[in-house]
Amino acid sequence: MVTIPTVSLNDGSDFPELGLGTYNLRGPEGIDAIAAAIDSGYRLLDTAVNYENESEVGEAVRRSGIRDQLIITTKVPGRDHGFDETIRSAEGSLGRLGVEKIDLYLIHWPNPSQGKWLETYRAMLALRDEGQVGSVGVSNFTEPMLARLIEETGVAPAVNQVEMHPYFPQAGLRAFHAANGIRTESWSPLARRSELLNEQVIADIAASHGVTGTQVVLRWHTQLSSTPIPKSADPVRQRENADVFDFLLSGDEIAAISALERGRLWDGDPDAHEEM
């Protein structure tokens with residue numbers, strides 16, 4: 001079993017440096033895949049209302065027998081924005097997960113055309129104060145949105161989950177996060193896997209460390225103080241993805257990987273591409 005280190009969020013909670021994305025892990029096979037990841041050492045599980053698999057995540061957690069060691073993340077979908085709507089959405093998630101507390105609750109998407117994300121965030125803070133939610137965070141938020149959130153509520157989100165990978169290293173946003181105590185979390189951490197892992201610089205660095213290209217990229221994330229959440233249903237690949245903490249990339253290697261930057265790959269609704 002792999003031991004995944006943790007960091008402290010701005011609310012004092014422990015947060016793993018690497019987690020499991022569960023997008024498209026559904027049905028009995030999905031439950032088995034999530035259970036296998038827990039057996040391999042994963043302690044951070046990322047789901048959402050829109051993934052339609054909160055029940056599967058909950059069942060895998062029950063099978064594990066270690067609920068108190070696990071961090072379950074779920075997300076408020078755009079259609080549930082608003083104070084009362086968010087309270088109802090959380091109740092639905094708690095029921096489907098079969099737990100008494102959501103460990104990390106995120107706004108999945110700011111849904112700026114609706115403009116209710118501040119009300120949603122205030123509802124999430126109320127849920128936290130009532131003990132139904134642990135940490136409160138956001139996903140796919142920009143710097144101006146984060147700045148407004150902090151100014152209006154006085155509470156910086158614990159996490160901002162965003163698209164991040166060597167093609168889109170998010171240097172400016174990560175700097176804002178660091179300055180405001182927000183943990184970066186990476187969806188789509190491997191970008192288009194087949195394309196990224198064919199980059200010569202990735203292959204060369206992997207060969208020099210005796211690891212795989214996937215492990216190099218995931219280590220790049222963790223050394224940039226971001227928690228990647230790669231998705232895999234394959235227990236062997238799950239273990240490979242998590243086994244990235246016994247080697248270090250040099251500063252030059254990190255810079256060479258970041259130099260692959262070309263911009264974001266995904267546009268529009270993040271659910272269409274989450275955690276590839």
Side-chain angles (χ1 to χ4, degrees), residues 2-7 15-24 37 40-42 44 46 139-140 142-143 159-179 182-268 270 272-276:
V2 178
T3 299
I4 298 174
T6 62
V7 296
F15 193 64
E17 291 190 48
L18 185 144
L20 178 75
T22 69
Y23 181 61
N24 273 345
S40 294
Y42 285 80
L44 171 63
D46 184 86
S139 183
N140 302 299
T142 63
E143 289 178 47
V159 167
N160 186 19
Q161 186 186 113
V162 294
E163 179 187 349
M164 178 178 159
H165 42 72
Y167 293 146
F168 191 47
Q170 293 272 30
L173 185 60
R174 285 189 290 106
F176 183 91
H177 289 171
I182 302 167
R183 178 69 179 180
T184 306
E185 190 175 20
S186 312
W187 65 260
S188 192
L190 300 172
R192 298 187 177 103
R193 179 190 292 268
S194 59
E195 183 179 354
L196 178 63
L197 299 184
N198 284 332
E199 296 283 358
Q200 192 61 51
V201 65
I202 301 291
D204 290 346
I205 293 171
S208 71
H209 288 277
V211 298
T212 68
T214 296
Q215 288 172 317
V216 165
V217 174
L218 294 174
R219 190 59 170 137
W220 171 86
H221 282 276
T222 65
Q223 286 188 235
L224 289 178
S225 298
S226 181
T227 291
I229 45 173
K231 186 204 78 175
S232 177
D234 181 345
V236 174
R237 182 169 284 176
Q238 289 172 351
R239 288 191 292 272
E240 175 190 319
N241 289 348
D243 190 17
V244 298
F245 296 98
D246 59 357
F247 69 97
L248 278 174
L249 301 174
S250 69
D252 287 345
E253 288 171 329
I254 291 173
I257 296 168
S258 299
L260 293 170
E261 180 175 6
R262 61 173 73 166
R264 70 182 322 128
L265 297 181
W266 315 120
D267 291 315
H273 313 290
E274 198 89 54
E275 297 149 16
M276 300 294 287

Inset, instruction - Please step through side-chain contact (heavy atoms from CB on, under 4.5 Å) for the pair Trp187 and Asp46, ending with a clear verdict. - result: CA-CA 10 Å; Trp187 65 260; Asp46 184 86; over 6 Å; no

Legend entry - Steps toward side-chain contact (heavy atoms from CB on, under 4.5 Å) verdict (Val211, Val244): CA-CA 9 Å; Val211 298; Val244 298; over 6 Å; no

Inset, instruction - Begin from the C-alpha positions of Arg174 and Ser225 and carry the test side-chain hydrogen bond (donor to acceptor under 3.5 Å, both in side chains) through to its verdict. - result: CA-CA 9 Å; Arg174 285 189 290 106; Ser225 298; over 6 Å; no

Inset, instruction - Please assess His209 against Gln215 for the test side-chain hydrogen bond (donor to acceptor under 3.5 Å, both in side chains), listing each intermediate value before the final yes or no. - result: CA-CA 10 Å; His209 288 277; Gln215 288 172 317; over 6 Å; no

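Between Phe168 and His165, the ring-plane angle classifies as tilted under the 30° and 60° cut-offs.
How far CZ of Phe176 is from CD1 of Ile182: 5.5 Å, rounded to the nearest 0.5 Å. Separation of atoms CD1 (Ile4) and OG (Ser40) is listed at 9.0 Å; rounding is to 0.5 Å. The CG atom of Leu190 lies 11.5 Å from the NZ atom of Lys231; values are rounded to the nearest 0.5 Å. One distance of note links OG1 of Thr212 with CG of Asp243; it measures 9.0 Å at 0.5 Å rounding. Between the CG atom in Leu224 and the OG1 atom in Thr184 there is a gap of 9.0 Å [rounded to 0.5 Å].
Annotation: side chain of Phe245 is not in contact with side chain of Thr3 (no heavy-atom distance under 4.5 Å). Looking only at side-chain heavy atoms (C-beta outward), Leu20 and Asn241 stay at 4.5 Å or farther from each other. Counting heavy atoms from C-beta on, the side chains of Ile229 and Gln161 come closer than 4.5 Å. In this structure, the side chains of Val2 and Tyr42 stay at 4.5 Å or more apart for every pair of heavy atoms. Counting heavy atoms from C-beta outward, Val217 and Leu197 have side chains that approach closer than 4.5 Å. Counting heavy atoms from C-beta on, the side chains of Leu218 and Pro230 come closer than 4.5 Å. Residues Ile257 and Ile202 form a side-chain contact, since some pair of their non-hydrogen atoms from C-beta on lies under 4.5 Å apart.
At distances below 3.5 Å, at least one donor-acceptor pair connects side-chain atoms of Arg219 with backbone N or O atoms of Phe247. With hydrogens and angles ignored, the 3.5 Å screen pairs no side-chain donor or acceptor of Thr227 with any backbone N or O of Glu185.
The minimum heavy-atom distance linking Ser258 with Pro169 is given by the pair O-CG, 4.0 Å. In terms of heavy atoms, Asn140 sits closest to Glu163 at OD1-N, 4.5 Å.
The side-chain contact (heavy atoms from CB on, under 4.5 Å) test with Ser232 is passed by exactly one of Gln238, Glu240, Arg239: Gln238. When each of Arg193, Arg192, Arg262 is checked for a salt bridge (Lys or Arg N to Asp or Glu O under 4.0 Å) with Glu199, only Arg262 meets the rule. None of Glu143, His177, Gln170, Arg183 except one satisfies the side chain to side chain donor-acceptor pair (under 3.5 Å) rule with Asn160; the exception is His177.
Between the side chains of Ser226 and Trp220, no donor-acceptor pair of N or O atoms lies under 3.5 Å.
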